Colleague: 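My questions will all concern the structure given below.
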Amino acid sequence: MNGKPAVLVTREVFDETLAYLGEHCEVESNQQDVPLTSDELARRAAGKQGVVCSLTDRIDDKLIASAPHLKVVANIAVGYNNIDVAACTARGIMVTNTPGVLDDSTADLAWTLMLGAARRVTEVERYVRQGAWKGWRLKQWLGTDVHHATLGIVGMGRIGQAIAKRARGFDMRVLYHNRKRVDETIELELGTSWVTLEELLRQSDFVVLQVPYSPETHHLIGARELAWMKPNAILINSTRGGVVDDVALIDALRKGTIRAAGLDVFENEPKLHPGFLELDNVVLTPHIGSSTEATRRAMAMTAARNAVAALTGGRPPNLVNQQVR
Ligand code: DGY
């Protein structure tokens, strides 16, 4: 390769990310941060060896076909359901993600939603702002206790484990469901035990979803699963929209067959099903699980390091498709 490899950064990143990429690559960056259409993405990726992208970009056959020199797609996210990994692998394109650096921030946000939904924080905040608060009453805004309750975590990867760790301070009983049981030493350390999904949903007061989105986890929580949950249970989704059937959830929240939900992700985000906006028993946040200053900087830098490693003949530290040589 003559000169520096060419890299497209599809969305705005931090100055230090650009500076680091610029030391090793010719960089074209969409610093205006206007989401690129798939045509625009394909046009800009043509001739590039690397693409540093975000979960809002679809990296599919069309993009891959338009970029015959592409060697690496570095996602600024741990989830990579926006990328057709099989198509990349078939073309020998490395796919990387950003595991690890966002575990604690994402776990904190799951807890924010749990506590917020349990204590009705957004509902009462609206009430106070409207000037409707006229004084203290014994039966006012009764919430649900988090401490000593049963927490069910669906998906016991790194983020699930970080969520479980925080539950110790709240003296919670912690159940988990995962395709594969985690190591017994981790179970003991976290004080958690494996149960089936049905058992978890039937027994938990709080259910937190932390599985990656894939065809297997599409609508993992639908009408049947919601019906298994306790009437006082609270559902938290801080992983990916599509893991929950939003229409079924709205129905359950409306009928009160579960108490509340805390949602950071949605099936067709950023579009929300209008049903959510009519409900008070749901806390809504705009996919900010990993969004702290330090974590988002670390994610962008991790993606940049992955891209540079791939483009300078190394093995990226966070290679998703290990089979690519
Ligand atoms: C991820 O990294 O997958 C998160 O959803 C980004 O916030």
Side-chain angles (χ1 to χ4, degrees), residues 9-14 17 30 33 35-36 51-60 72-85 88 94-114 116 153-163 166 178-179 208-221 235-244 246 261-272 283-307 316-321:
V9 181
T10 64
R11 300 292 301 267
E12 185 182 15
V13 289
F14 299 96
T17 327
N30 173 20
D33 210 28
L36 302 177
V51 169
V52 176
C53 61
S54 83
L55 52 85
T56 58
D57 302 304
R58 284 217 65 70
I59 308 295
D60 54 13
V72 61
V73 175
N75 216 28
I76 308 180
V78 65
Y80 47 83
N81 55 299
N82 57 309
I83 301 172
D84 186 338
V85 178
C88 287
M94 297 188 209
V95 175
T96 67
N97 67 341
T98 63
V101 292
L102 45 62
D103 298 348
D104 284 317
S105 300
T106 309
D108 287 350
L109 195 272
W111 268 89
T112 305
L113 292 172
M114 268 172 66
I153 302 174
V154 184
M156 200 44 121
R158 285 179 314 269
I159 300 173
Q161 290 175 31
I163 293 168
R166 284 154 175 74
N178 206 51
R179 259 183 322 168
V208 179
L209 304 174
Q210 207 50 68
V211 287
Y213 180 70
S214 70
E216 291 75 48
T217 59
H218 177 74
H219 286 188
L220 181 70
I221 304 297
L235 178 72
I236 306 300
N237 187 7
S238 49
T239 181
R240 280 290 182 274
V243 172
V244 177
D246 281 356
L263 306 173
D264 189 44
V265 289
F266 306 88
E267 276 200 274
N268 299 306
E269 63 183 58
K271 266 203 195 140
L272 250 65
V283 176
L284 306 167
T285 54
H287 203 148
I288 54 160
S290 59
S291 190
T292 67
E293 172 96 30
T295 295
R296 285 284 166 91
R297 283 185 189 275
M299 287 167 69
M301 197 49 106
T302 301
R305 289 204 184 96
N306 283 326
N318 308 116
L319 187 57
V320 169
N321 48 355

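Numbering of ligands and ligand atoms starts at 1, following listing order. Keep in mind that what you see is a predicted model, and the values were worked out from it rather than measured.
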Colleague: Test Asn318 against every option in Asn97, Thr98, Thr96, Asn306 by the side-chain hydrogen bond (donor to acceptor under 3.5 Å, both in side chains) rule and name the one that passes.
Modeller: Asn306

Colleague: Less than 4.5 Å apart, any side-chain heavy atom of Thr217 and any of Arg240?
Modeller: no

Colleague: Considering only heavy atoms, does Thr98 approach ligand 1 within less than 4.0 Å through its side chain, its backbone, both, or neither?
Modeller: neither

Colleague: Between the side chains of His218 and Glu267, does any donor sit under 3.5 Å from an acceptor?
Modeller: no

Colleague: Do Gly289 and ligand 1 have an N or O pair less than 3.5 Å apart?
Modeller: no

Colleague: May I ask which of Asn97, Ile76, Val78 has a heavy atom nearer to atom 2 (O) of ligand 1 than the others do?
Modeller: Val78

Colleague: Going by the order shown, which atoms of ligand 1 are within less than 4.0 Å of some heavy atom of Met299?
Modeller: 2 (O)

Colleague: Under 3.5 Å between any N/O of His287 and any N/O of ligand 1: does that happen in this structure?
Modeller: yes

Colleague: Tell me, which protein residue and heavy-atom name are nearest atom 7 (O) of ligand 1, and how many Å apart are they?
Modeller: Ser290 OG, 2.7 Å

Colleague: Report, in ascending order of atom number, the atoms of ligand 1 lying under 4.0 Å from any heavy atom of Leu55.
Modeller: 5 (O), 6 (C)

Colleague: Which heavy atom of the protein is the closest neighbour of atom 3 (O) of ligand 1, given with residue, atom name and distance?
Modeller: Arg240 NH2, 2.7 Å

Colleague: Ligand 1 versus Thr106, non-hydrogen atoms closer than 4.0 Å: side chain, backbone, both, neither?
Modeller: neither

Colleague: Would you please say whether a donor-acceptor pair under 3.5 Å links the side chains of Asp264 and Thr285?
Modeller: yes

Colleague: Using a 4.0 Å cut-off to any heavy atom of Arg296, which atoms of ligand 1 qualify?
Modeller: 7 (O)

Colleague: Give the atom numbers and elements of ligand 1 that come within less than 4.0 Å of a heavy atom of Leu102.
Modeller: 2 (O)

Colleague: Would you name the heavy atoms of Tyr213 and Gly241 that are closest together and state the gap between them?
Modeller: CD1-O, 3.8 Å

Colleague: Any non-hydrogen side-chain atom of Asp103 less than 4.5 Å from a side-chain atom of Gln161?
Modeller: no

Colleague: Report, in ascending order of atom number, the atoms of ligand 1 lying under 4.0 Å from any heavy atom of Ala77.
Modeller: 1 (C), 2 (O), 3 (O)

Colleague: Between Thr295 and Ser291, is there a donor-acceptor pair closer than 3.5 Å when you use the side chain of the first and the backbone of the second?
Modeller: no

Colleague: Can you establish whether the number of heavy atoms outside Phe266 located under 6.0 Å from its atom CZ is more than 12?
Modeller: yes

